[in-house]
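This report concerns only the one structure given below.
Count residues from 1 along the sequence.
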Amino acid sequence: IIIFWILALSCKAPVSSLYKDDVTLVSAEKNEWFGGRSGVKGTLYTVALKLKNTKDRIAVKSFKAEGNTVSFTQSLSGNIITVKGNFQNPDEINNLEYSPAGSTAVKSEKALTTNPKENRIEYTLNDSKKIYKINIPKFTLVQPEGELIPRRP
């Protein structure tokens, strides 16, 4: 290993590939929402990641927030990757009061998990098979500014 470092330093070759500090966490926010139907609510999670090398391509494979697997989308702007995930509370999804007519009266056994320590994003770089993880220490609760629906005068 020492010989590798000496050769790498003498050739001025990049050695960052040994350590994956190429993706860092910039911010992690959550915004609780409600709407649509009465009593329906959930949480929108937004995570910003920064790429050290703009030539790297990142593919997020999974997103877990507060113990729950979250469906997500990702977008890239410059060297910042934004991952947005929406989680609707299972009790609200399976509320029998709002079930379609003719559906069976079976309620899901899936319970809402709230483990604030179980937050992470798993990703790959440049079409690699190796999966890397970024642990998210905590989400910051963000409230929207202003009114969501403007009132009529």
Side-chain angles (χ1 to χ4, degrees), residues 1-5 7-9 11-37 39-96 98-100 103-104 106-146 148:
I1 294 176
I2 296 172
I3 294 171
F4 174 77
W5 280 100
L7 288 173
L9 292 174
C11 297
K12 299 187 185 218
V15 292
S16 64
S17 61
L18 289 177
Y19 302 100
K20 280 299 165 197
D21 293 328
D22 295 341
V23 180
T24 56
L25 179 66
V26 176
S27 66
E29 302 173 346
K30 71 177 180 177
N31 185 347
E32 294 175 353
W33 59 266
F34 62 92
R37 298 184 207 164
V40 177
K41 57 185 174 179
T43 307
L44 176 67
Y45 296 96
T46 305
V47 177
L49 305 171
K50 184 177 182 180
L51 283 171
K52 186 175 183 181
N53 184 356
T54 56
K55 294 178 184 176
D56 283 338
R57 288 189 321 264
I58 187 171
V60 175
K61 298 294 183 185
S62 69
F63 184 15
K64 200 159 198 171
E66 299 178 316
N68 300 295
T69 301
V70 179
S71 59
F72 63 90
T73 60
Q74 76 178 50
S75 61
L76 177 66
S77 177
N79 65 340
I80 301 291
I81 298 153
T82 304
V83 180
K84 288 188 177 190
N86 190 17
F87 182 77
Q88 187 174 349
N89 297 342
D91 290 342
E92 317 309 346
I93 295 170
N94 298 308
N95 190 341
L96 294 178
Y98 296 108
S99 296
S103 64
T104 57
V106 177
K107 195 162 186 170
S108 172
E109 296 298 319
K110 184 179 177 183
L112 175 65
T113 307
T114 54
N115 183 354
K117 293 183 180 180
E118 196 173 349
N119 305 317
R120 69 176 173 272
I121 287 182
E122 295 179 350
Y123 66 93
T124 60
L125 283 174
N126 297 331
D127 301 325
S128 170
K129 300 266 185 210
K130 185 172 180 179
I131 295 179
Y132 300 96
K133 295 179 184 177
I134 289 186
N135 290 319
I136 302 166
K138 78 174 200 170
F139 286 94
T140 304
L141 183 62
V142 177
Q143 297 298 328
E145 293 181 15
L148 295 178

Donor-acceptor pair, side chain of Asn31 and main chain of Leu44, under 3.5 angstrom =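 No, the answer is negative, given that no donor and acceptor are paired below the 3.5 Å cut-off.
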For this session: Give a yes or no on whether the backbone of Arg57 and the side-chain of Asn126 come within a donor-acceptor separation of less than 3.5 Å.
Result: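 Checking the backbone N and O of Arg57 against the side chain of Asn126, a donor-acceptor pair under 3.5 Å is found.
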Does any part of the side chain of [Y], heavy atoms only, come nearer than 4.5 Å to the side chain of [X], both counted from C-beta?
X: Ile136; Y: Phe63; answer: yes
X: Val40; Y: Trp33; answer: yes
X: Ile58; Y: Asp56; answer: no
X: Tyr132; Y: Val23; answer: no

Straight-line distance of [X] [atom1] to [Y] [atom2], nearest 0.5 Å:
X: Leu51; Y: Leu76; atom1: CG; atom2: CG; answer: 6.5 Å
X: Ile134; Y: Thr24; atom1: CD1; atom2: OG1; answer: 7.0 Å
X: Thr54; Y: Asp22; atom1: OG1; atom2: CG; answer: 11.5 Å
X: Phe87; Y: Ser71; atom1: CZ; atom2: OG; answer: 9.5 Å
X: Lys130; Y: Tyr123; atom1: NZ; atom2: OH; answer: 9.5 Å
X: Asn79; Y: Leu49; atom1: CG; atom2: CG; answer: 11.0 Å

Least distance between heavy atoms, [X] atom then [Y] atom:
X: Asn119; Y: Pro137; answer: ND2-O, 4.1 Å
X: Ala28; Y: Lys138; answer: CB-O, 3.9 Å
X: Gln88; Y: Lys41; answer: CG-O, 3.6 Å

*Looking at Glu29, Lys64, Glu66, Lys30, which hits side chain to side chain donor-acceptor pair (under 3.5 Å) with Tyr45?*
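Output: one option passes, namely Glu66.
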